[in-house]
Amino acid sequence: MLITETAEKIKCMEIRGAGRIARSAAEALRDYAKTLRVNDVESFRRDMMEAAQQLIATRPTAVSLPNAVHIVIAGLEGSGTLVEIRNDVIKRANEFISSSRNAVKQIAHIGARHISDGDTILTHCNSEAALACIIEAHRSGKKISVFATEVRPRNQGLITIRTLNAAGIKTNFIVDSAVRSFIDEVDLVLVGADAVTVNGAVVNKIGTSQVAHSAAEARVNMLVAAETYKFAPRTIVGELITIEERPPQEVLSDKIRSTLPNVVVRNPAFDVTPAEYVDMIVTEVGAIPPQMAYVIIRDYLGWGIEEFHKSFEINTKHED
Ligand code: RUB
């Protein structure tokens with residue numbers, strides 16, 4: 001798929017969910033690298049960098065997107081011929097795509113071990129990683145049932161209930177505001193993530209923090225399923241995750257809004273759940289307490305102390 005086409009599909013959410021967004025960006029860069037007609041390394045680098053920027057700019061919250069893009073283009077600055085550099089991008093993209101798929105499978109096995117026979121699980125939004133854990137627990141013979149939220153305004157809950165229904169898992173479909181009413185019937189909350197910060201805060205679909213709050217009040221454990229490439233390296237240097245605010249038309253039509261001149265619709269797509277509300281984050285390399293997020297960033301995303309210093313210098317320069 002061409003870069004612009006992929007970028008448009010990510011923006012309008014035809015391609016959505018942090019893992020899928022990351023893989024489709026890697027695929028787009030790979031296909032672009034294959035077909036890019038240039039005669040020299042410099043032009044190849046320039047065009048690839050532009051494509052990378054275009055993809056990263058589509059949605060600001062899912063850290064999986066810039067992480068995937070950086071993994072794919074990491075070899076661009078190295079030395080080599082045009083053929084070598086082109087092949088390097090293609091190889092890295094293919095490696096990322098297959099390791100991302102494997103990560104979800106691995107998370108499913110690890111996450112399923114944290115689900116007990118007889119559990120009722122509440123999930124919010126539509127997370128491939130969270131659903132993989134639930135489906136794996138069901139597949140391994142555990143009798144489980146699910147509460148799935150509607151997820152206003154884009155109704156991702158519908159995708160979730162279709163998947164659970166197809167897997168033969170008993171599911172209760174509830175409106176977002178009914179979470180607290182049903183939380184006493186729930187044994188475990190399990191959601192995905194768009195980003196995990198260095199201090200273990202989880203950024204996920206708007207409403208997740210309310211779910212987490214209800215779970216904490218009712219002493220229900222909260223698990224987050226997140227591949228390591230959803231951890232946000234730049235939060236080490238204090239960078240905040242940008243919360244995407246989407247168009248008001250997703251919430252209220254222009255026709256209705258035009259009759260309400262004093263009303264402003266706010267439509268943030270994500271919110272932040274502090275680490276204290278999260279019991280465990282299930283990654284492909286193991287289930288960790290949120291306080292261990294730094295270890296993932298350092299050991300699995302390769303953000304050593306040099307990167308930290310480089311970024312710190314850049315940040316300080318910006319402040320001057
Ligand atoms: C999707 C969302 C999902 C995470 C994790 O939001 O919040 O919970 O992206 O999903 P949107 P996955 O629908 O706005 O993209 O586990 O599939 O990566």
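Computed from a predicted model, the values in this text were never measured in an experiment. Residue numbers run from 1 in the order of the sequence given. Counting convention: from 1, in listed order, for ligands and their atoms alike.
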Check your understanding: Under a 4.0 Å N-O cut-off, is there an ion pair linking R266 with E250?
Key -> no
Practice item. Take every heavy atom of K230, measure it against each atom of ligand 1, and state whether any distance is under 4.0 Å. Key: yes
Review point. Could a heavy atom of M13 be found less than 4.0 Å from some atom of ligand 1?
Key: yes
Check your understanding: Of all the non-hydrogen atoms in the protein, which one sits nearest to atom 16 (O) of ligand 1, and at what distance?
Key -> S127 OG, 2.7 Å
Check your understanding: Between E227 and ligand 1, is there a nitrogen or oxygen pair with a distance under 3.5 Å?
Key -> no
**Study point:** Geometric N/O contact A129 with ligand 1, under 3.5 angstrom
**Key:** yes
Check your understanding: Taking the non-hydrogen atoms of R59, is any one of them nearer than 4.0 angstrom to ligand 1?
Key -> yes
Review point. Among all protein non-hydrogen atoms, which one is nearest to atom 13 (O) of ligand 1, and what is the separation to 0.1 Å?
Key: R16 NE, 2.4 Å
Exercise for review: Drop me the distance from R59's CZ to R246's CZ, to the nearest 0.5 angstrom.
Suggested key: 5.0 Å
Exercise for review: If you have a sec, work out which protein heavy atom is nearest atom 4 (C) of ligand 1 and how many Å separate them, to one decimal?
Suggested key: D194 OD1, 3.2 Å
Check your understanding: Is it true that R30 and E27 have a side-chain N and a carboxylate O under 4.0 angstrom from each other?
Key -> no
Exercise for review: Could you tell me the separation between the CD1 atom of I134 and the OG1 atom of T123, rounded to the nearest 0.5 Å?
Suggested key: 5.0 Å
Practice item. Considering the heavy atoms of K205, write down every atom of ligand 1 situated less than 4.0 Å from one of them. Key: 6 (O), 7 (O), 11 (P), 14 (O)
Review point. Rounded to the nearest 0.5 Å, how far does OG of S177 lie from CZ of R152?
Key: 10.5 Å
Revision key, fill the gap. shortest atom 17 (O) of ligand 1-to-protein heavy-atom contact is with E128 N, 2.8 Å
Exercise for review: Check whether any side-chain heavy atom of N204 lies under 4.5 Å from a side-chain heavy atom of V224, and answer yes or no.
Suggested key: no
Review point. For ligand 1, which atoms sit closer than 4.0 Å to a heavy atom of G19?
Key: 18 (O)
Practice item. Compute the shortest N/O to N/O distance between G192 and ligand 1 and return yes if it is under 3.5 Å, no if not. Key: no
Check your understanding: Side chain, backbone, both or neither: which part of A193 has a heavy atom under 4.0 Å from ligand 1?
Key -> backbone
Exercise for review: Please answer whether the main-chain N or O of K142 pairs with a side-chain N or O of D117 as donor and acceptor at a distance below 3.5 Å.
Suggested key: no
Check your understanding: Is ligand 1 under 4.0 Å from a heavy atom in the side chain of Q156, in the backbone, in both, or in neither?
Key -> side chain
Study note, to complete from the structure: Between the CZ atom in F147 and the NZ atom in K170, the distance rounded to the nearest 0.5 Å is 13.5 Å
Review point. Counting N and O atoms only, with roles assigned by atom type, does the side chain of N67 sit under 3.5 Å from a partner on the main chain of Y229, one being a donor and the other an acceptor?
Key: yes
Point to revise | Under-4.0 Å salt bridge between R92 and E95 | key: no
Exercise for review: Heavy-atom contacts with N204 under 4.0 Å: which atoms of ligand 1 show up? List them by number with element.
Suggested key: 2 (C), 3 (C), 4 (C), 7 (O), 8 (O)
Check your understanding: If we only count N/O pairs under 3.5 Å, is C125 in contact with ligand 1?
Key -> no
Check your understanding: Does the N or O separation between A18 and ligand 1 drop below 3.5 Å for any pair?
Key -> yes
Check your understanding: Can R180 and E217 be counted as an ion pair, charged N to O under 4.0 angstrom?
Key -> yes
